[in-house]
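Each residue takes its place number in the sequence, starting with 1. Heavy atoms only: backbone and side chains are in, while hydrogens, waters and symmetry mates are out. Indexing begins at 1, ligand by ligand and atom by atom, following the structure's order.
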Amino acid sequence: MRHVAIVGSGPAGYYTAETLQKADDIAVDVIDRLPVPYGLIRTGVAPDHQSIKAVSRRYEGTALTDNVRFVGHVSVGTDVTIDELVGLYDAVILATGAPNDRPLDIPGADLPGVIGSAAFVGWYNGHPDFADLNPPLDAPGVVVIGNGNVALDVARILAKTPGEFAGSDIVAHARDALAQSAVRHIQILGRRGPHQIAMTPKELGELGHLERASPRVDPADLPPEGDDAMLEPGMRKSVTYLRSFTANPVAKPVTIDFDFFAMPVAIEGDGRVQRVIVERTTLDADLTSHGTGETYALDAGLVISCIGYQTPPIPGVPYEHGRGRFASDEGRILPGLYAVGWARRGPSGTIGTNKPDGARIGEMVLEDIGRGAGKAGRPGLDALLASRDVTPVTFRDWRRIEEAEVAAALDGRPREKFTSIEAMLQAIGR
Ligand code: NAP
């Protein structure tokens, strides 16, 4: 029997498990710190994007196969170490994603009211780590930093009316707070220009159909229309949306302003954020931005930095600090230790990008481990955890948690998520 442990039950973890479980004589344990599976699908993908979240049914199919097991509520690093896992399993695959925000390295970034997107997205998606975030929504101005899809998710969620969350699984604390929100002006800062955005057409298009909010772009920021011809088709479509936003009058009560060539250089406020100091930029020939020295201030009671994510390092595991990911040779970190998904590539690409990645790493692992080295595997982990009084949450337990979440949902919502580990465990009688 071959034994493989996957650390992390998000898309990269389950796509890798999907490939591995098709092999003979294999037992795959998918370990997660939370009692609930699916990682970014549950706590990262926007709650009003249920069609994307539906991919979890595919992971459920994998989780329910005989040779795959979910080992929930087990923290690698505290309940069991990486070295212990490497000793127990023929291969250990880190599918831990990139849950930490890249630091916003400017003066004032530590003021109350400056929040990273991991925390804000986790808050509205019911991640237990961020249930108590309580973001300040009491001032009209919000600054969203970054020109990627996360910035768009954040701006859209801030702009939506309670009615526009129908059919979503946004959690009650966020639904209630957003319903009382005083936010009226959302400024999305991009340090480069419209041709350098990392936003995709579908997500940009959604902004054009919001009930009470209009996206606006200053036509002066757009390059000549003819220049769009050199963009690849997806980018061209995105820029076409930006062009359509130049025509928007301020007819709706909430504005979403795209502020291009705008680099935040400081955040100021008396005890909490009150304004962001922004420097105008221009682009060098290699399309990097540099400041022009011209600055201006934007009033804001909340700043959400959406500038990308990092994989948290694990002591003893080689790490690329500049890239915020594990150091690996195409996925091989050390003998018996692998990385997949964002933990391997860094935080880019869609959920679907993890499918070929998971398949490739799964096949690589199968080739490397051959028939297995007769390691202790599952029974070994169970004995170790039992000796430490750690009782994992099983997939069957998770389905009971899920049933309780579905049963608690009102008004056509798909589920009302538990937002604390205690509540999740209570649902299974612990
Ligand atoms: P991202 O796509 O890498 O975008 C990060 C943005 O932050 C870029 O515009 C970058 O600008 C900017 N930035 C970085 N450092 C900065 C700084 N110090 N100051 C100002 N701006 C800075 O990251 P993301 O938005 O977090 O998304 C992560 C991945 O998830 C992406 O692949 C994204 O497509 C995916 N995602 C997809 C969806 C969806 O499909 N619906 C939703 C959410 C996320 P520069 O270009 O100048 O570096």
Novice: List the protein residues in contact with ligand 1, where contact means a heavy-atom separation under 4.0 angstrom.
Specialist: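 Answer by chain and number: R102, I145, G146, N147, G148, N149, V150, D153, R191, R192, A198, E203, C306, I307, G308, Y309, W342, P347, S348, G349.
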Novice: May I ask you to check whether Y124 and F130 place their ring centers less than 6.0 Å from one another?
Specialist: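 Y124 vs F130: aromatic centres not under 6.0 Å.
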Novice: Do we see a donor-acceptor contact under 3.5 Å between the side chains of H49 and E206?
Specialist: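 Checked: H49/E206 side chains pair up, N/O donor to acceptor below 3.5 Å.
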Novice: Determine which pairs satisfy side-chain hydrogen bond (donor to acceptor under 3.5 Å, both in side chains) with at least one residue from residues 329-343, sequence neighbours left out, and list them in order.
Specialist: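 Residue pairs with at least one partner in residues 329-343: R332-D368, Y338-D368.
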Novice: To the nearest 0.5 Å, what is the distance between CG (L222) and CZ (R243)?
Specialist: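 L222 CG to R243 CZ: 5.0 Å, rounded to 0.5 Å.
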Novice: Do the charged groups of R415 and D169 touch, with an N to O distance under 4.0 Å?
Specialist: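 Looking at R415 and D169, the cut-off is met.
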Novice: Would you say the side-chain atoms of Y38 and Y14 include a donor-acceptor pair closer than 3.5 Å?
Specialist: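 No, no side-chain donor-acceptor pair sits under 3.5 Å.
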